[in-house]
Amino acid sequence: MEQVVGPKYDSQGNPREAYDQSFAREVYRKVDSGEEIKMCMQCGVCAASCPLKDKMDLSPRKIFTLIRAGQRDKVLGSQAIMLCTSCYSCKVRCPRKVPVVDVMHGLAHYALRQGYMPRKESALFGEKFWGNIYRLGRIDEKDVANRYFFGHGIGAGIKMALDNKDMGLGMLLKKRMKLLPERPIKNIKALKKMLDKAKAMGKGGAA
Amino acid sequence: MADYFLYSGCSLEASGVHYLISLEAVAKPLGINLKEIPDWNCCGASIAYVGGNELSVEVLAARNLAIAEANGGLDIVAPCSSCYIVLNKVNHKLQEKPALLAEVNEILAEGGLKYSGKIKVRHLLDVLFHDAGPEKIKSLVKKPLTGVKVGGYVGCQTVRPFGEYDSVEQPTVQDRLIQALGAEAVHFPKKIRCCGSGLFLTELESCYELARDILKDAIDHDAQIISTACPMCQMNLEAYQKKINKALGTHFNIPVVFITQLMAVAFGLGNKAAALDRLLIPAGQVLKAA
């Protein structure tokens with residue numbers, strides 16, 4: 001029998017339906033840092049501390065309660081899980097020491113692997129960013145930016161590059177941009193092997 | 001001379017190159033000897049979660065830690081706040097969770113590496129303030145920045161979440177370094193608010209407002225120039241000012257520099273060492289007035 005985690009009775013004294021806990025269990029088991037939300041007591045300090053809470057469809061506090069309430073689509077489809085800037089304001093203030101940033105990142109990684117798309121732009125940028133790490137071992141800023149722009153298609157890519165041309169040109173003129181194509185680190189082969197192994201051994205990925 | 005490993009990070013190779021140039025210039029007189037970690041790799045910053053799971057990101061950091069340990073085990077100094085926080089966070093986890101350390105070591109073995117948890121990761125501000133110290137810095141000042149009002153923007157990952165060398169809610173380290181240079185450190189409450197970090201490019205509309213609020217707050221509190229200790233903060237607050245003005249109808253044109261650039265100027269090391277020529281918004285005028 002499913003354990004009851006919500007109030008057992010409503011205000012009229014009628015028995016309530018128990019929350020479906022299968023999603024909460026899925027999060028604990030499969031999402032990186034997912035187990036940490038067990039500590040959340042719904043005080044809302046994370047939401048009050050978040051610089052982008054006004055832009056989020058759901059606050060971190062609501063995300064955590066919806067996980068317990070079994071709302072899989074709402075949580076994994078929420079743009080909030082990819083609007084975290086990793087500023088750690090929530091983490092330093094959380095009275096229960098929930099590493100909110102890590103949980104948000106874990107949920108976002110998991111959501112993307114499960115076919116959800118919380119934020120299209122950041123997902124595309126993140127994919128190109130990781131591509132640089134895997135291919136080179138380091139980030140070549142102009143390469144990531146260009147791949148991100150042109151990841152929208154040629155036409156849209158040209159438009160985005162033009163929108164940013166003043167800034168790009170400024171960086172170029174002030175010698176804040178690498179001119180040569182980036183070379184990979186010396187032991188890139190070993191790094192790739194490590195990352196492949198970590199992908200296979202870690203949580204948060206496979207369906 | 002005290003020896004450290006410098007984990008310069010990817011930004012300091014390009015958009016934040018003026019941080020590296022000025023850091024290397026001031027390190028010498030400060031007695032800070034910086035050695036590069038051989039063949040270091042990207043820390044993953046705060047966006048690696050899109051492509052990599054938590055263990056992959058931990059491995060990225062652990063590889064750097066293991067190489068540092070194998071090459072003498074000096075403290076790692078990270079000038080970039082994002083590098084600092086990722087390396088530091090993973091380092092603490094590895095030191096506290098033997099099971100995770102074993103797992104990570106199984107993966108590091110693919111490259112013949114092993115980490116035992118002996119490295120200490122520190123932010124550059126920590127080393128400047130606690131190792132070199134304000135007294136030494138004061139003694140090196142040849143051209144005090146008298147009368148210059150500097151807004152010391154701390155941002156997020158410079159102090160949060162660990163607060164190992166400064167307060168997470170009311171940080172003072174950067175301000176005290178600014179004061180040691182003879183300048184006035186302007187207090188503005190938004191100095192610990194987030195600039196948008198790695199989300200800036202992809203979430204422009206949200207991040208414009210974050211940066212605007214920080215710039216406005218600094219100016220409202222009389223800052224003539226903003227100083228930071230993070231390449232992402234410098235980039236977001238400086239390079240996007242024109243775009244913010246266009247999008248939000250503001251008129252910002254305030255220089256944003258690295259604390260090490262201010263130091264190089266105050267130490268009288270010359271413009272090249274201070275890398276002021278790399279700024280998109282010139283700082284010469286404000287600093288010359290000193």
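Note that the coordinates shown come from a computational prediction; the quantities given were computed from them, not determined experimentally. Protein chains get the first letters and strands the later ones, always in sequence-line order, with residue 1 at the start of each.
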Per-residue tally against chain B (heavy atom, under 4.5 Å) across A:G126, A:P51, A:C87 peaks at A:C87
Between B:L279, B:L60, B:L199, which has the largest tally of heavy atom pairs under 4.5 Å with chain A?
B:L199
Please check if the side chain of B:D39 supplies one atom and the backbone of A:N187 the other of a donor-acceptor pair under 3.5 Å.
yes
Under a 4.5 Å heavy-atom criterion, the part of residues 8-25 of chain B in contact with chain A comprises B:C10, B:S11, B:E13, B:A14, B:S15, B:V17, B:H18
Given the options B:V104, B:V159, B:I47, B:D277, which has more heavy-atom pairs under 4.5 Å with chain A than any of the others?
B:I47
Selection from A:E141, A:K186, A:R119, A:E121 maximising heavy-atom pairs under 4.5 Å formed with chain B
A:E141
What part of B:E209 lies closer than 4.5 angstrom to a heavy atom of chain A: side chain, backbone, both or neither?
side chain
Looking at B:G111, B:G52, B:C194, B:S206, which has the largest count of heavy-atom pairs under 4.5 Å with chain A?
B:G52
So which of A:K91, A:R93, A:R138, A:H105 has the biggest tally of heavy-atom pairs under 4.5 Å with chain B?
A:R138
Would the distance check show the side chain of B:R160 and the main-chain N or O of A:C90 forming a donor-acceptor pair, the cut-off being under 3.5 Å?
no
Checking heavy-atom separations under 4.5 Å from chain A, one finds in residues 79-98 of chain B B:I85, B:K89
Going through the checks in order, is the side-chain contact (heavy atoms from CB on, under 4.5 Å) test met by A:I185 and B:R63?
CA-CA 13 Å; A:I185 61 167; B:R63 180 175 175 274; 3.7 Å; yes
Which one, B:C42, B:P38, B:A239, leads in non-hydrogen pairs under 4.5 Å with chain A?
B:C42
Do B:E54 and A:H109 pass the side-chain contact (heavy atoms from CB on, under 4.5 Å) test, and can you show the C-alpha distance, the side-chain angles, and the key distance before you say yes or no?
CA-CA 9 Å; B:E54 210 169 77; A:H109 182 83; over 6 Å; no
Quick one, A:F149 and B:L201 - any side-chain contact, counting heavy atoms below 4.5 Å?
yes
Please classify the contact of A:L195 with chain B as side chain, backbone, both or neither, using a heavy-atom distance under 4.5 Å.
both
Determine whether the side chains of B:Q157 and A:S86 contain a donor N or O and an acceptor N or O closer than 3.5 Å.
no
If we define contacts as heavy-atom pairs under 4.5 Å, which of A:G131, A:S122, A:G170 has the most with chain B?
A:S122
Interatomic spacing from OH in B:Y49 to OG in A:S33 - rounded to 0.5 Å:
13.5 Å
Counting only non-hydrogen atoms closer than 4.5 Å, does B:R278 touch chain A with its backbone (N, CA, C, O), its side chain (CB onward), both, or neither?
both
Side-chain donor or acceptor of B:S197 paired with backbone N/O of A:T85 under 3.5 Å:
yes
Answer with side chain, backbone, both or neither: which region of A:E182 has an atom nearer than 4.5 Å to a non-hydrogen atom of chain B?
side chain
Give the member of A:K120, A:K193, A:K175, A:K189 that has the highest number of heavy-atom pairs under 4.5 Å with chain B.
A:K175
Is it true that atom CZ of A:R135 has more than 12 heavy atoms of other residues, nucleotides or ligands lying nearer than 6.0 Å?
yes
Hey, does B:L108 have a side-chain heavy atom less than 4.5 Å from the side chain of A:M194?
yes
At a 4.5 Å cut-off on heavy atoms, which part of B:E169 comes close to chain A: side chain, backbone, both, or neither?
side chain
Hey, are B:E205 and A:K55 close enough for a salt bridge, meaning a charged N less than 4.0 Å from a carboxylate O?
no
Note: vs chain A, highest number of non-hydrogen pairs under 4.5 angstrom among B:I107, B:V168, B:L113, B:V57 is B:I107
So for A:I139, is it side chain, backbone, both, or neither that comes closer than 4.5 Å to the heavy atoms of chain B?
both
If you count the non-hydrogen atoms of other residues, nucleotides and ligands that lie under 6.0 Å from NZ in A:K178, is the total more than 12?
yes
A:M82 and B:E203, any side-chain heavy atoms less than 4.5 Å apart:
no
Check ion pair B:E238-A:R176 (N to O, under 4.0 angstrom):
yes
Segment of A:L83 engaging chain B (4.5 angstrom heavy-atom cut-off):
both
Where does A:Y148 contact chain B at under 4.5 Å (heavy atoms): side chain, backbone, both or neither?
side chain
Which bit of B:L280 comes within less than 4.5 Å of chain A, counting heavy atoms only: side chain, backbone, both or neither?
both
Would a distance-only check, ignoring hydrogens and angles, find a side-chain to backbone donor-acceptor pair under 3.5 Å from B:K242 to A:M167?
no
pair B:V50-A:F129: side-chain heavy atoms closer than 4.5 Å:
no
